[in-house]
Amino acid sequence: MASRIGSRATPYALLLPATVVIGAVLAYPLYFMTRLSFEHYGLFQLIRHKGEWIGTRNYSQIIHDGVFWHVVLRTLAFTVAAVSLTIVCGTLIALLLARIHPWLRLMLTAGLIFVWATPVVVAVDIWRWMVDFEFGVLNWLLTNLHIVDYTHHDWFVNPWTGWGVITALVVWGAIPFVAIMVYAGLTQVPQDLVEAASIDGARGWQVFRDVTVPLLKPIFVILVSLSIIWDFQVFTQVWVMLDGHPSPDYYVMSIYAYQNAFGQSEYGMGSAIALVMVVTLLVVSFFYIRQMLKISEAE
């Protein structure tokens with residue numbers, strides 16, 4: 001009986017040090033942010049180091065703020081678009097890696113790792129130069145190929161094209177991780193199952209849908225969940241791309257929280273918005289853990 005209890009407690013004992021470290025790093029900031037979200041905390045309160053307790057007034061103001069709901073919808077739309085493109089493009093590149101010559105695979109993998117290792121700020125600066133309205137290589141290329149005259153075209157005047165550039169940047173930076181993870185999973189797919197499906201008359205797409213995807217489901221669950229978490233809280237790409245002065249058309253949840261907290265010195269309001277983001281990401285994380293448990297039980 002004691003040995004059985006000890007064997008069950010061993011995994012939790014192994015997780016305990018990491019749990020303690022994570023709790024020590026995150027517990028107090030999360031507590032402070034939660035407390036701040038129930039206070040009026042402006043510049044005067046910042047000087048006094050003491051906020052004024054106002055209960056749920058910040059949350060009530062958020063709920064009745066039309067801008068907030070526009071920001072939420074924009075963030076969700078951006079997240080869905082970025083995650084979908086990332087997963088699809090990353091999977092296609094992984095399938096390509098599984099079928100090309102080893103030397104080409106090595107070169108392509110090295111390129112993916114180089115993209116993944118590029119610091120976000122450096123990557124954003126490169127993309128800013130590419131789409132610069134005066135010296136951008138993309139404008140020059142489209143104009144000289146006679147596709148469209150984009151001489152001195154500013155991509156960010158129209159939010160649709162601006163968000164297209166930002167989405168492409170985020171997807172470009174996230175594809176390497178997805179492609180390498182999916183390729184690693186593809187190498188573990190039993191070839192006898194693939195050959196058996198092919199012998200039965202299944203085409204390439206049918207083999208991928210009915211054989212490969214079910215086997216790679218745990219990997220896809222992880223990748224989709226992580227991508228949602230990363231893209232939902234995107235900040236640096238939008239902020240740096242727009243030179244630290246994004247218009248309201250480019251507000252996502254993180255930008256909106258930052259502008260309320262530091263742009264308008266409403267730190268309580270900014271904390272409330274940030275806490276809404278945290279709760280949303282916790283829901284996504286709960287869904288991810290639940291799906292992983294279901295997959296483990298099925299296996």
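What you see is a predicted model, and the numbers here were worked out from it, not measured in a lab.
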Test of understanding: clusters of I, L, V, M, F, W, Y form through side-chain heavy atoms closer than 4.5 Å, transitively. Do [X] and [Y] belong to the same one?
X      : Y      : value
Val238 : Phe156 : yes
Val240 : Ile166 : yes
Phe232 : Ile87  : yes
Leu85  : Leu169 : no
Tyr183 : Leu96  : yes

Minimum-distance pair of heavy atoms, taken over all atoms of [X] and [Y]:
X      : Y      : value
Val178 : Ser227 : CG2-OG, 4.5 Å
Pro214 : Pro218 : O-CD, 4.4 Å
Thr167 : Ala82  : CG2-CA, 4.2 Å
Gly173 : Trp116 : O-CE3, 3.5 Å

Indicate yes or no for a side-chain donor-acceptor contact from [X] to the backbone of [Y] under 3.5 Å, with no hydrogens or angles considered.
X      : Y      : value
Asn58  : His40  : no
Asp243 : His245 : no
Asn139 : Asp132 : yes
Arg105 : Leu97  : yes
Ser254 : Val234 : yes

Is the closest side-chain heavy-atom distance between [X] and [Y] below 4.5 Å?
X      : Y      : result
Met181 : Phe220 : no
Phe133 : Val157 : no
Leu223 : Phe177 : yes
Thr280 : Val283 : no
Val170 : Trp230 : no
Val165 : Thr161 : no

Rounded to the nearest 0.5 Å, what's the gap from [atom1] on [X] to [atom2] on [Y]? Could you check?
X      : Y      : atom1 : atom2 : result
Tyr31  : Leu36  : OH    : CG    : 10.5 Å
Ile126 : Thr118 : CD1   : OG1   : 6.0 Å
Phe78  : Met253 : CZ    : CE    : 14.0 Å
Ile100 : Leu106 : CD1   : CG    : 9.5 Å
His64  : Trp69  : NE2   : CH2   : 10.0 Å
Thr75  : Ile255 : OG1   : CD1   : 9.5 Å

Residues Met241, Arg128; criterion side-chain contact (heavy atoms from CB on, under 4.5 Å); working and verdict: CA-CA 6 Å; Met241 182 68 78; Arg128 283 181 63 189; 3.3 Å; yes

Plane angle bin for Phe38 and Trp53 - parallel if under 30°, tilted between 30 and 60°, otherwise perpendicular: parallel

Whether Trp155 and His153 hold their rings parallel, tilted or perpendicular, with breakpoints at 30° and 60°: perpendicular

The single option from Leu145, Thr143, Asp149, Asn144 passing side-chain contact (heavy atoms from CB on, under 4.5 Å) against Ile147: Leu145

side-chain contact (heavy atoms from CB on, under 4.5 Å) assessment of Ile93 paired with Leu112: CA-CA 10 Å; Ile93 293 176; Leu112 291 171; 4.1 Å; yes

Side chain to side chain donor-acceptor pair (under 3.5 Å) between Asp249 and Trp163, intermediate numbers included: CA-CA 9 Å; Asp249 290 329; Trp163 275 113; over 6 Å; no

From CA spacing to verdict: side-chain contact (heavy atoms from CB on, under 4.5 Å), Ile113, Ile180: CA-CA 9 Å; Ile113 293 174; Ile180 293 173; 4.0 Å; yes

Please table the atom pairs, donor to acceptor, closer than 3.5 Å between any side-chain atom in residues 258-279 and protein atoms at least two apart or in another chain.
residue : atom : partner : partner atom : Å
Gln259  : NE2  : Tyr251  : OH           : 3.3
Asn260  : ND2  : Tyr256  : O            : 2.8
Ser271  : OG   : Tyr267  : O            : 2.8

